[in-house]
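Written out below as structure tokens is the structure these notes cover.
Not measured: the values here are computed from a predicted model. Counting from 1, the numbers follow the sequence of the chain as shown.
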Amino acid sequence: MSDNKQILILPGDGIGPEVVPAAVALMHAAALLEDIRIDTVEGLVGGIAIDQTGSPLPAETLAAAKAADAVLLGAVGGTKWEDRPMNARPEKGLLGLRSGLELFANLRPALLFGPLAKASSLKSELVADLDILIVRELTGGIYFGEPRGVEIRDNERVGFNTYIYSEHEIERIARVAFELAQKRSGQLCSVDKANVLEVTQLWRDVVNETAVDYPDVELRHMYVDNAAMQLVRAPKQFDVVVTGNMFGDILSDVAAMLTGSLGMLPSASLAASGKGLYEPVHGSAPDIAGQDKANPLATILSVAMMFRYSLNMPLAADRIEAAVNTVLAAGIRTADIMPQDRAGQTLVGTIEMGERVLACLKQAAGESR
Ligand code: IPM
Ligand code: MG
């Protein structure tokens, strides 16, 4: 086997196969600038895996993900598979990867690129320079809790899930968040529903106990309903936010919209080993799939996170992020980030957006030589 980095590419469904190639091109180009070669293998996950193999997460895909240094994923799901039973849906492929690789720490930065201040649904002064990091627990909580199901009780259907966290699960995600807060502004907000749910009272207690090891971090707690409100009222009060699986799912979509579009947000899902799965926060967007309309920037920025967190190549990450910023500053926009006042902006499709970022990356590197 070569010493090259091995990356598993899982384009998945919907717009996944459109946004992933742009990001893969950036990945190779940024690595080559440092004389590093990356080997890629492609695999199946989600709906396309169901269609071709009968399973949303074929055994070969999980094995390839375990063997790789990191995984890049597009999106899973679509209307075509919506009527399937819960455990045979495309989403199970993604959830199976998260649990199979023990990717318990999901980092979802919501960063507003300056040129996009007008694309936010909030007034630009509320979101200018916004830079929030949501740390979402990803392998526990109500997403995975047992028992779960729908069954007949007393002649009617009853649906149930289990919201469960054990101490070690809370402590390890809290430590990730405290350490990230130390590297950033030193502020951490833990989000729970401790006024109603015992499991999140334990969450709050364990986060408080863990805080003792991080005296330099200023910790506060917030109920999830208040956090949702504060995110749209005064988002800049947040820096690092740590929360459980379901609250993190919801709050990260809210935070994403603050930055202008779900099409801008990358994510990293990390295991204790440093292995990571990188994917855009957005879904498969079946309504625009196959039309060259999707914004590839979230996937491109996910590759930047891959360089930073799994491949230890921070320069490549910086270069990709700078190229994205340059393209945005030049007024290049996919439809989702096009402001109503289109003056000075150029509408482009998925392919052209990727090509523009690639050109900027190469140009900037050429100039700095
Ligand atoms: C996300 C998505 C997933 C989730 C779905 C596709 C299973 O919404 O990554 O935020 O709920 O975690
Ligand atoms: Mg989500």
Side-chain angles (χ1 to χ4, degrees), residues 95 98 104-112 120-123 126-127 130-146 148 159-182 184-259 262 265 267 269 281:
L95 295 170
R98 289 174 179 172
F104 72 92
N106 185 210
L107 276 41
R108 299 193 157 184
L111 182 94
L112 186 88
S120 172
S121 46
L122 295 194
K123 295 192 203 88
L126 286 179
V127 292
L130 184 78
D131 183 359
I132 298 176
L133 177 60
I134 296 187
V135 180
R136 168 188 177 195
E137 199 290 326
L138 202 59
T139 50
I142 197 164
Y143 269 52
F144 292 94
E146 301 279 349
R148 62 192 297 157
F160 50 95
N161 288 88
T162 302
Y163 192 170
I164 180 166
Y165 271 118
S166 56
E167 223 174 325
H168 80 274
E169 290 176 300
I170 303 168
E171 186 188 329
R172 68 180 177 177
I173 192 71
R175 288 198 185 279
V176 170
F178 276 111
E179 278 161 32
L180 288 162
Q182 280 180 325
R184 291 169 54 107
S185 71
Q187 286 175 20
L188 176 62
C189 179
S190 172
V191 172
D192 60 42
K193 189 70 184 174
N195 51 341
V196 179
L197 303 173
E198 287 83 354
V199 48
T200 73
Q201 179 60 54
L202 178 70
W203 176 282
R204 187 175 286 217
D205 293 345
V206 174
V207 172
N208 276 331
E209 288 152 24
T210 311
V212 176
D213 292 340
Y214 306 88
D216 50 335
V217 175
E218 194 186 312
L219 170 69
R220 61 182 176 138
H221 301 275
M222 203 180 272
Y223 298 139
V224 63
D225 47 350
N226 187 25
M229 179 182 77
Q230 296 299 336
L231 269 173
V232 292
R233 192 188 73 88
K236 284 199 260 179
Q237 67 182 284
F238 296 103
D239 185 41
V240 181
V241 174
V242 65
T243 191
N245 207 341
M246 182 167 63
F247 297 161
D249 178 45
I250 299 165
L251 294 181
S252 59
D253 271 25
V254 177
M257 258 340 273
L258 302 176
T259 71
L262 211 47
L265 259 77
S267 78
S269 305
V281 170

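- Rounded to the nearest 0.5 Å, atoms CD1 (I173) and CG (N106) are 8.0 Å apart.
- Within the 4.5 Å cutoff, side-chain heavy atoms of L197 are placed close to those of Y163.
- With sequence neighbours left out, the salt bridge (Lys or Arg N to Asp or Glu O under 4.0 Å) criterion links R108 to no other residue.
- Between the CD atom in E137 and the CE atom in M246 there is a gap of 12.5 Å [rounded to 0.5 Å].
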Exercise. Could you walk me through whether V241 and V135 pass the side-chain contact (heavy atoms from CB on, under 4.5 Å) test, one step at a time?
Key: CA-CA 6 Å; V241 174; V135 180; over 6 Å; no

Practice problem: Start with the C-alpha distance between I132 and L231, add both sets of side-chain angles, then the distance that settles side-chain contact (heavy atoms from CB on, under 4.5 Å), and finish with yes or no. | Solution: CA-CA 10 Å; I132 298 176; L231 269 173; 3.8 Å; yes

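- Counting heavy atoms from C-beta on, the side chains of R175 and D213 come closer than 4.5 Å.
- Between I170 and V207 the shortest side-chain heavy-atom distance falls below 4.5 Å.
- Between V224 and T243, the closest side-chain pair of non-hydrogen atoms is not below 4.5 Å.
- Side-chain contact between E169 and F104 is absent, with no heavy atoms from C-beta onward closer than 4.5 Å.
- No donor-acceptor pair under 3.5 Å is formed between the side chain of Q201 and the backbone N or O of W203.
- In terms of heavy-atom proximity, L262 sits nearest to A256 at CD1-CB, 3.2 Å.
- Rounded to the nearest 0.5 Å, atoms CG (L138) and OG (S269) are 5.0 Å apart.
- Between S252 and I134, the shortest heavy-atom distance links the atoms CA-CD1, 3.7 Å.
- One distance of note links CG of D225 with CZ of F247; it measures 8.5 Å at 0.5 Å rounding.
- Residues V281 and S267 share a closest heavy-atom pair of CG2-CB, 3.9 Å.
- Closest heavy-atom contact between G145 and I164: CA-CG2, 3.7 Å.
- You'll find the side chain of N208 reaches within 4.5 Å of the side chain of L219, heavy atoms only.
- Taking the centre and axis of the six-membered ring of Y165, the NZ or CZ atom of R172 falls outside the cone set by 45° and 6.0 Å.
- R148 is linked by a salt bridge (Lys or Arg N to Asp or Glu O under 4.0 Å) to nothing, counting only residues two or more places apart in sequence or in another chain.
- Side-chain contact between T200 and Y223 is absent, with no heavy-atom pair separated by less than 4.5 Å.
- A 6.0 Å sphere centred on CD of Q237 holds more than 12 heavy atoms belonging to other residues, nucleotides or ligands.
- Residue E179 holds its CD atom at 11.5 Å from CG of L188, rounded to the nearest 0.5 Å.
- Minimum heavy-atom separation, A181 to V217: CB-CG1, 3.9 Å.
- The stretch residues 229-258 participates, sequence neighbours left out, in these salt bridge (charged side-chain N to carboxylate O under 4.0 Å, His left out) pairs: R136-D249, R184-D239.
- Separation of atoms OG1 (T139) and CZ (R98) is listed at 10.0 Å; rounding is to 0.5 Å.
- No side-chain heavy atom of T162 sits less than 4.5 Å from a side-chain heavy atom of E146.
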